[in-house]
There are 2 protein chains.
Amino acid sequence: MTKVTIREVAAEAGVSVATVSRALRGLPSVSPATRARVEQVAANLEYVPDPYASRLASSRAHTILVAVPVPGQWYYAQVVTGVEAVASDAGSDLQLHVVGDDAQRRRFIEDILPGSRRVDGAILVDIPLSPADAAELTGRGVRIVAVGQHTEGVVSVGIDNRQAATDATQLLLELGHTRIGLLGGMPTGRSDLSIPGMREIGFRDALEAAGLRVDEDLITNGNFSIDGGDDAATHLLSLREPPTALFALSDEMAVGAMGAARRLGIDVPGQLCIVGFDGHEFSGAIGLTTVRQPVVELGASAAQALLDAVNGKPWNEDKVLAHELVERDTTGRRG
Amino acid sequence: MTKVTIREVAAEAGVSVATVSRALRGLPSVSPATRARVEQVAANLEYVPDPYASRLASSRAHTILVAVPVPGQWYYAQVVTGVEAVASDAGSDLQLHVVGDDAQRRRFIEDILPGSRRVDGAILVDIPLSPADAAELTGRGVRIVAVGQHTEGVVSVGIDNRQAATDATQLLLELGHTRIGLLGGMPTGRSDLSIPGMREIGFRDALEAAGLRVDEDLITNGNFSIDGGDDAATHLLSLREPPTALFALSDEMAVGAMGAARRLGIDVPGQLCIVGFDGHEFSGAIGLTTVRQPVVELGASAAQALLDAVNGKPWNEDKVLAHELVERDTTGRRG
DNA sequence: CTGTTAGCGCATTCAT
DNA sequence: ATGAATGCGCTAACAG
């Protein structure tokens, strides 16, 4: 009922509040005996430091903020999981922010983030950030780490999206496909810097390397959603010359495409091969060939980068984690 | 760079800090003229109140905490999404905590939650809470709302799990199945109060109502995971007298079961019908019949309940949202 | 309607 | 190694 404060602990232990503070935080200059006594008393009184008071008094917030566009989407949920694990290990709280539309984005960048000591830093997952905004924020002392989306002047953690897309496309090419449909998505801003953009480039790379011309009609927008993938696939499959394979830039779209194929009575992989992207938890069970990326580790690394920066050891270069092409039923080697 | 404080705003606007505080928070006793001026100055100076200072000084944290066992699991991610939406609408931050194993659970209940003013309240999603702990916490002024898991003395938001399971089982019965396997999970604590427990009871209800005896050998533990569902299904399907239908208490397990069936060359729904539970985003695309529950709304309602409690209007009874049986391919009406 | 006076609970100098 | 003093930035009575 009564919120025990550091003062009562001090009184009870017969020392000053300063000593209690030092003892409980494991600072060096405290005699073992005193420390033991203080810890004992604190335990008895069930003393729990008020985080807000300590955040106000010190400069560390012991809180790391993570912003994602759609917290319910598998990929983001996994990244958040990774961040949480590292954060909680380090004794930091995790504040989750949703930055979906552009209005939220502006509010987030202008109002939330600048509140300097609110948090130790922020992890932006696929949140577009202009170099100007980035400079402005870091100038204000806001530590930022990006996951996926790369921004000038901000450390980022991700995979080699371009290469990963090339790998996936090459598998399809090896299987003999020459008409490959692409289920991509919303190219916001400079496409050569966005994730979808990089993947699309990788896709084109592979085709060109194989001496094939890219048929722009086969490049569609699946909106990174199941329904979008379904729609896009339905469209592609109804063309006069439909593709014999689809490369979806997310497993959600790939699943949508699988659904479309099933509805249209098109056999997968007999008549249509499909490759997804992400390594969604369901991909194995439904036999979806996909490019697996280390999602949880992505978040964990980002969190670590942030913590390191907080501790004065900022990373000086981006971290690129390994991806892996996982071949499964939807690209069953055609007999 | 320079953190603008309320003092500078006050100075610049020629009023006291108290007035600035009142003006900016929209409190009644401030003249329109003064308020306008203060707001103007605050905007110019790009003043952003320090949340920790205000939390320390006031009694509201403007933070709502949400605890889930596995943040990366679809169901939890959806609930969190719902909570976030309502929280951010109300201007509150969202603090995410993972409470997986029992050690985390104890630490959470004993150390995190009791920090009274740390948060306005907590939403526990499927976190077992003993009536004793609940009483202790509420006694300390910690507001709690439960999602799913019901605990004596704590308002909860959920669906009628028992009825939902009965509905699902009845569909299978109507289709003529008499040997139905159950993919359930870890009965932690009193099973008749846990979600899996309630669903299992609903399952038994339906069988008994149909005059069928429950074959305990068909009741398995799928651990609420894809792999667990696969294993459990594999086991069931290898019995001398295998079930002709499976009822999985989560879509993850159902998908695992679908994978197992595919691997074993068992046609679904021809030789085996499957019903899942949750209404996972992928269920539609893969044709999985399932019991859909309003996941996002679950979180949103819980958040609303918490906010209402904070505002002195605590709910006096649990909220039961509607579920819906969605019939799809995996229970294709057999010709 | 507005200004003054006190803290909120803790982390930090600076002494000792 | 420890204590006393000061302030983090804001809200909350209490006056006026």
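Note that the coordinates shown come from a computational prediction; the quantities given were computed from them, not determined experimentally.
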Pair pattern of DNA chain C in dot-bracket, where unpaired bases get dots and | marks partners in another strand, Watson-Crick or G-U under 3.5 angstrom: ||||.|||||||||||
Distance-only donor-acceptor pairs under 3.5 Å for side chains of residues 19-26 of chain A, two or more places apart:
{"unit_1": "Thr19(A)", "atom_1": "OG1", "unit_2": "Ser16(A)", "atom_2": "OG", "d": "3.2"}
{"unit_1": "Ser21(A)", "atom_1": "OG", "unit_2": "Arg25(A)", "atom_2": "NE", "d": "3.4"}
{"unit_1": "Ser21(A)", "atom_1": "OG", "unit_2": "Arg25(A)", "atom_2": "NH2", "d": "3.1"}
{"unit_1": "Arg25(A)", "atom_1": "NE", "unit_2": "Ser21(A)", "atom_2": "O", "d": "3.3"}

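With sequence neighbours excluded, the residues forming a side-chain contact (heavy atoms from CB on, under 4.5 Å) with Ser88(B) are Glu84(B), listed by chain and number. Residues forming a side-chain contact (heavy atoms from CB on, under 4.5 Å) with Arg143(B) (at least two apart in sequence, or on another chain): Leu306(B), Ala309(B), Val310(B). The ring-ring contact (aromatic ring centres under 6.0 Å, His included) test applied to His150(A) returns no partner, not counting sequence neighbours.
Distances from the side chain of Ser54(B) to the nucleotides dT11(D), dC10(C), dG9(D) place dT11(D) closest.
The CG-P distance, from Leu56(B) to dC10(D), rounds to 12 Å in whole Å. Leu24(B) has its CG atom 9 Å from the P atom of dT11(D), to the nearest Å. Computed from coordinates, the Leu27(B) CG to dA13(D) C1' distance equals 13 Å when rounded to whole Å. Put simply, CD1 on Ile6(B) is 14 Å from P on dT4(C), counting in whole angstrom units. Taking atom CG on Asp50(B) and atom P on dG9(D), their separation rounds to 7 Å, with Å as the unit. Rounding to whole angstrom units, CZ of residue Arg55(B) and C1' of dC10(D) are separated by 12 Å. Across the protein-nucleic acid pair, Lys3(B) atom NZ and dG7(D) atom P stand 17 Å apart, rounded to whole Å. Look at CZ on Arg25(A): it is 16 Å from P on dA1(D), rounded to the nearest Å.
Look at Tyr52(B) and you won't find any side-chain N or O under 4.0 angstrom from OP1 or OP2 of dT11(D). Phosphate proximity of dA11(C) to Ser21(A): present, with a side-chain N or O under 4.0 Å from OP1 or OP2. The side chain of Arg60(A) contributes no N or O atom lying less than 4.0 Å from OP1 or OP2 of dC10(C).
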Listed pairs, N/O of protein and of nucleotides 2-4 of chain D, under 3.5 Å:
{"unit_1": "dT2(D)", "atom_1": "OP1", "unit_2": "Ser31(A)", "atom_2": "OG", "d": "3.2"}
{"unit_1": "dT2(D)", "atom_1": "OP1", "unit_2": "Thr34(A)", "atom_2": "OG1", "d": "2.4"}
{"unit_1": "dT2(D)", "atom_1": "OP2", "unit_2": "Ser31(A)", "atom_2": "N", "d": "2.7"}
{"unit_1": "dT2(D)", "atom_1": "OP2", "unit_2": "Thr34(A)", "atom_2": "OG1", "d": "3.3"}
{"unit_1": "dG3(D)", "atom_1": "OP2", "unit_2": "Ser16(A)", "atom_2": "N", "d": "2.8"}
{"unit_1": "dG3(D)", "atom_1": "OP2", "unit_2": "Ser16(A)", "atom_2": "OG", "d": "3.1"}
{"unit_1": "dG3(D)", "atom_1": "OP2", "unit_2": "Thr19(A)", "atom_2": "OG1", "d": "2.7"}
{"unit_1": "dG3(D)", "atom_1": "N7", "unit_2": "Arg22(A)", "atom_2": "NH2", "d": "2.9"}
{"unit_1": "dG3(D)", "atom_1": "O6", "unit_2": "Arg22(A)", "atom_2": "NH1", "d": "3.3"}

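Applying the salt bridge (charged side-chain N to carboxylate O under 4.0 Å, His left out) test to every pair with at least one member in residues 65-81 of chain B, sequence neighbours left out, gives no pairs at all. The salt bridge (charged side-chain N to carboxylate O under 4.0 Å, His left out) contacts involving residues 303-317 of chain B comprise nothing, where partners must be two or more places apart or lie in separate chains. For residues 87-96 of chain A, the salt bridge (charged side-chain N to carboxylate O under 4.0 Å, His left out) pairs, not counting sequence neighbours, are Arg55(A)-Asp93(A), Asp93(A)-Arg118(B).
Ring geometry for Tyr52(B) against Tyr52(A) counts as parallel: the plane angle stays under 30°, on a 0 to 90° scale with 60° as the upper cut.
Nearest heavy atoms, Leu56(A) versus Ala53(B): CD1-CB, 3.7 Å.
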